[in-house]
Amino acid sequence: MQDIKEFHTFSVVCKAKNVIKITALEQLKEQWQQAKIEDNSILIVGQGSNLLFLDDFEGTIFLNRLVGITHTENEQYHYLHVEGGEIWHDLVKWSLENHIYGLENLALIPGCVGSAPIQNIGAYGVEFKDVCDYVDVMQLDSGEVFRLNCNECQFGYRESIFKHQYKDNYMIISVGLKLAKNWEPVLKYGSLAGFDKNTVTAQQIFDEVCSIRQTKLPDPNVFGNAGSFFKNPTVAKNIADELKNEYPDMPYFLQEDGSVKLAAGWLIEQCGLKGYQIGGAAVHQNQALVILNKENATSSDIVELAHHIRQSVAIKFDVYLQPEVRFIGKYGEVNAEATIS
Ligand code: FAD
Ligand code: EPU
């Protein structure tokens with residue numbers, strides 16, 4: 001068994017039977033066939049920034065290390081074809097250096113480019129779907145590669161077809177991004193709204209996003225974490241309105257379909273849980289939606305704390321939080337919500 005602490009950002013001590021860096025498609029096909037012959041479980045991992053290993057993994061980890069960026073353009077758009085193992089934040093920086101704009105709001109999100117479509121990464125008013133042209137996927141049993149356009153990916157809030165129909169036996173190998181030359185800044189989020197849309201530069205937005213993130217979100221190199229542990233819950237408007245009557249300060253985001261998104265971090269903070277610790281796992285002081293590996297937390301500490309948070313929020317608000325983080329058991333992914341219920 002091999003130590004895999006360095007391959008995931010929660011830094012929980014755990015092992016896997018084998019770890020293979022995938023750097024070419026031929027190698028991917030061969031390794032997949034070999035693992036199938038040996039009846040070995042396989043887990044595809046980018047940077048491991050949205051994962052909680054509950055146990056040692058009794059199988060092989062495929063690290064996505066397919067790299068390369070190709071740039072083409074026409075009068076209206078820049079087109080980037082990016083291999084899935086590229087680091088997302090490095091791509092954002094590269095695009096700015098090359099005067100290609102539109103990714104700046106998504107600065108500093110950890111992880112690989114090939115993982116970005118899976119939960120349709122989003123921050124500060126922009127989601128992956130807003131810049132996505134297509135996603136290339138390999139069906140691993142047949143080795144066949146096919147392309148889904150942006151609509152076919154069925155993107156939603158932290159949602160896509162890659163969590164459902166194309167979840168098992170598929171690997172995202174590359175993505176296509178389409179970025180308008182006629183760049184328009186996205187200034188919907190909090191402190192970004194202070195910028196003048198006529199004069200602001202993409203670099204200024206990048207700098208501001210990096211600065212907000214560095215104050216709120218913990219650096220995984222200092223304290224292990226996987227970003228927001230829970231998703232922001234969406235509830236029916238009548239339920240949100242009742243809560244808003246009782247708690248007028250509650251953040252309330254009306255959605256296009258008439259439902260309302262609540263801020264899980266606010267709900268958790270209202271339960272008095274900032275800084276709350278079980279074993280080595282703690283609720284982050286600056287952002288209650290983040291669980292920290294503060295002092296050699298075990299996966300059980302993290303699960304127990306997540307259970308306590310979910311119960312506390314349910315008792316106070318009658319809203320049940322669902323994990324955003326993916327839970328991995330001995331042989332593969334397990335149901336995260338059931339694990340903390
Ligand atoms: P991993 O954690 O390695 O994998 C995630 C899942 O995708 C796993 O189920 C894995 O098996 C599967 N997978 C990975 N690669 C492939 C592939 N090529 N093909 C098929 N399946 C694959 N997310 C946001 O949306 N917005 C944020 O603002 C944000 N901020 C964060 C801040 C911090 C400090 C941290 C630690 C995380 C944050 N996240 C955020 C979550 C995380 O960055 C994203 O989910 C990211 O896309 C995960 O990428 P990864 O390469 O680490 O994926
Ligand atoms: N809030 C609190 N207390 C807290 C945390 C938040 O009151 O401890 C309040 C804030 O004051 C604000 C609201 O909750 O009114 C929303 O907070 P914030 O803007 O910090 O964003 P978030 O909803 O907590 C989401 C994403 C982040 C993304 C940010 C910025 C989810 C689950 N999380 O967090 O994504 O970076 O918005 O757009 O949607 C991730 O997915 O891992 C992640 C970090």
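The hydrophobic side chain of Ile37 is isolated, with no ILVMFWY side chain under 4.5 Å apart from it. In this structure, Val222 belongs to a hydrophobic cluster whose other members, linked by side-chain heavy atoms under 4.5 Å apart, are Leu217, Phe223, Val290, Leu292.
The cationic atom of Lys178 (NZ for Lys, CZ for Arg) lies less than 6.0 Å from the six-membered ring centre of Tyr77 and within 45° of the ring axis.
Residue pairs meeting the side-chain hydrogen bond (donor to acceptor under 3.5 Å, both in side chains) criterion with at least one partner in residues 143-152, sequence neighbours excluded, are Asp136-Arg147. The ring pair (Phe, Tyr, Trp, His ring centres under 6.0 Å) analysis of residues 1-34, with sequence neighbours excluded, yields the pairs His8-Phe53. Residue pairs that meet the salt bridge (charged side-chain N to carboxylate O under 4.0 Å, His left out) test with at least one member in residues 70-89, sequence neighbours left out, are Glu73-Lys181. Annotation: salt bridge (charged side-chain N to carboxylate O under 4.0 Å, His left out) contacts involving residues 51-71, sequence neighbours excluded, are absent. Sorted by first then second residue, the salt bridge (charged side-chain N to carboxylate O under 4.0 Å, His left out) pairs that include residues 313-335, not counting sequence neighbours, are Arg158-Glu324, Lys167-Glu333, Arg326-Glu333. Every pair passing salt bridge (charged side-chain N to carboxylate O under 4.0 Å, His left out) that includes a residue from residues 214-239 is listed here, sequence neighbours excluded: Lys237-Asp241.
Looking at heavy atoms from C-beta onward, Phe230 lies out of side-chain contact with Gln322 at the 4.5 angstrom threshold. Side-chain atoms of Gln277 and Val283, non-hydrogen and from C-beta on, never get closer than 4.5 Å to each other. In this structure, the side chains of Gln119 and Glu159 stay at 4.5 Å or more apart for every pair of heavy atoms. Using a 4.5 Å heavy-atom threshold, the side chains of Phe327 and Ile340 count as touching. Inter-residue side-chain proximity for Leu321 and Ile268 is flagged as met; some heavy-atom pair is nearer than 4.5 Å. Two residues are said to be in side-chain contact when any heavy atoms from C-beta on lie closer than 4.5 Å; Val303 and Leu52 meet this criterion. By the 4.5 Å heavy-atom criterion applied to side chains, Ile309 and Ile291 are counted as neighbours. Using a 4.5 Å heavy-atom threshold, the side chains of Asn296 and Val12 count as separate.
Under the ring pair (Phe, Tyr, Trp, His ring centres under 6.0 Å) criterion, His307 pairs with no residue, sequence neighbours left out. Every residue meeting the side chain to side chain donor-acceptor pair (under 3.5 Å) condition with Asp257, not counting sequence neighbours, appears here in chain and number order: Ser259. A search for salt bridge (charged side-chain N to carboxylate O under 4.0 Å, His left out) contacts involving Glu295 returns nothing, not counting sequence neighbours. Qualifying salt bridge (charged side-chain N to carboxylate O under 4.0 Å, His left out) partners for Lys93, counting only residues two or more places apart in sequence or in other chains: Asp90.
Closest non-hydrogen pair, Ala16 versus Ile4, comes out as CB-CG2, 3.8 Å. Closest approach of Ala282 to Gly275, counting heavy atoms only: CB-O, 4.4 Å. The shortest heavy-atom contact between Ile42 and Ala35 is CD1-CB, 3.3 Å.
Ile173 and Val113 fall into different hydrophobic clusters, defined by Ile, Leu, Val, Met, Phe, Trp and Tyr side-chain heavy atoms under 4.5 Å apart, directly or through other members. Using a 4.5 Å cut-off between side-chain heavy atoms of Ile, Leu, Val, Met, Phe, Trp and Tyr, with links allowed through other members, Leu108 and Ile205 fall into different hydrophobic clusters. At a threshold of 4.5 Å between side-chain heavy atoms, the hydrophobic network of Ile, Leu, Val, Met, Phe, Trp and Tyr places Tyr134 and Leu66 in two separate groups. Hydrophobic clustering (ILVMFWY, side-chain heavy atoms < 4.5 Å, transitive): Leu63 and Ile118 are in distinct clusters.
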Please determine whether side chain to side chain donor-acceptor pair (under 3.5 Å) holds for the pair Ser11 and Asn293, giving the CA-CA distance in whole Å, both sets of side-chain angles, and the decisive distance to 0.1 Å. CA-CA 7 Å; Ser11 297; Asn293 178 352; 5.3 Å; no
Given the rule in the side chain to side chain donor-acceptor pair (under 3.5 Å) test, do Tyr189 and Asn105 qualify, once you have shown the distances and angles that lead to the verdict? CA-CA 10 Å; Tyr189 184 89; Asn105 295 56; over 6 Å; no
Given the rule in the side chain to side chain donor-acceptor pair (under 3.5 Å) test, do His78 and Tyr101 qualify, once you have shown the distances and angles that lead to the verdict? CA-CA 9 Å; His78 293 286; Tyr101 308 129; over 6 Å; no
Do Glu208 and Ser191 pass the side chain to side chain donor-acceptor pair (under 3.5 Å) test, and can you show the C-alpha distance, the side-chain angles, and the key distance before you say yes or no? CA-CA 8 Å; Glu208 178 63 18; Ser191 64; 2.9 Å; yes
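Aromatic pair Phe146/Tyr166: centroids less than 6.0 angstrom apart. Taking the six-membered ring for Trp, His284 and Phe229 have ring centres at least 6.0 Å apart. Under the 6.0 Å cut-off for aromatic ring centres, Phe155 and Phe128 qualify, their centroids lying closer than that.
Separating the CD atom in Glu304 from the CD1 atom in Ile278 is a distance of 5.0 Å, to the nearest 0.5 Å. Residue Ser95 holds its OG atom at 10.0 Å from NE2 of His71, rounded to the nearest 0.5 Å. Atom CD1 of Ile61 and atom CD1 of Ile22 lie 12.0 Å apart (nearest 0.5 Å).
Side-chain polar atoms of Glu38 and Gln34 form a donor-acceptor pair below 3.5 angstrom. Side-chain atoms of Gln203 and Asp207 include a donor-acceptor pair closer than 3.5 Å. There is no side-chain donor-acceptor pair under 3.5 Å between Ser160 and Asn120.
Under the 3.5 Å distance criterion, the side-chain polar atoms of Asn232 are matched with a main-chain donor or acceptor of Ala264.
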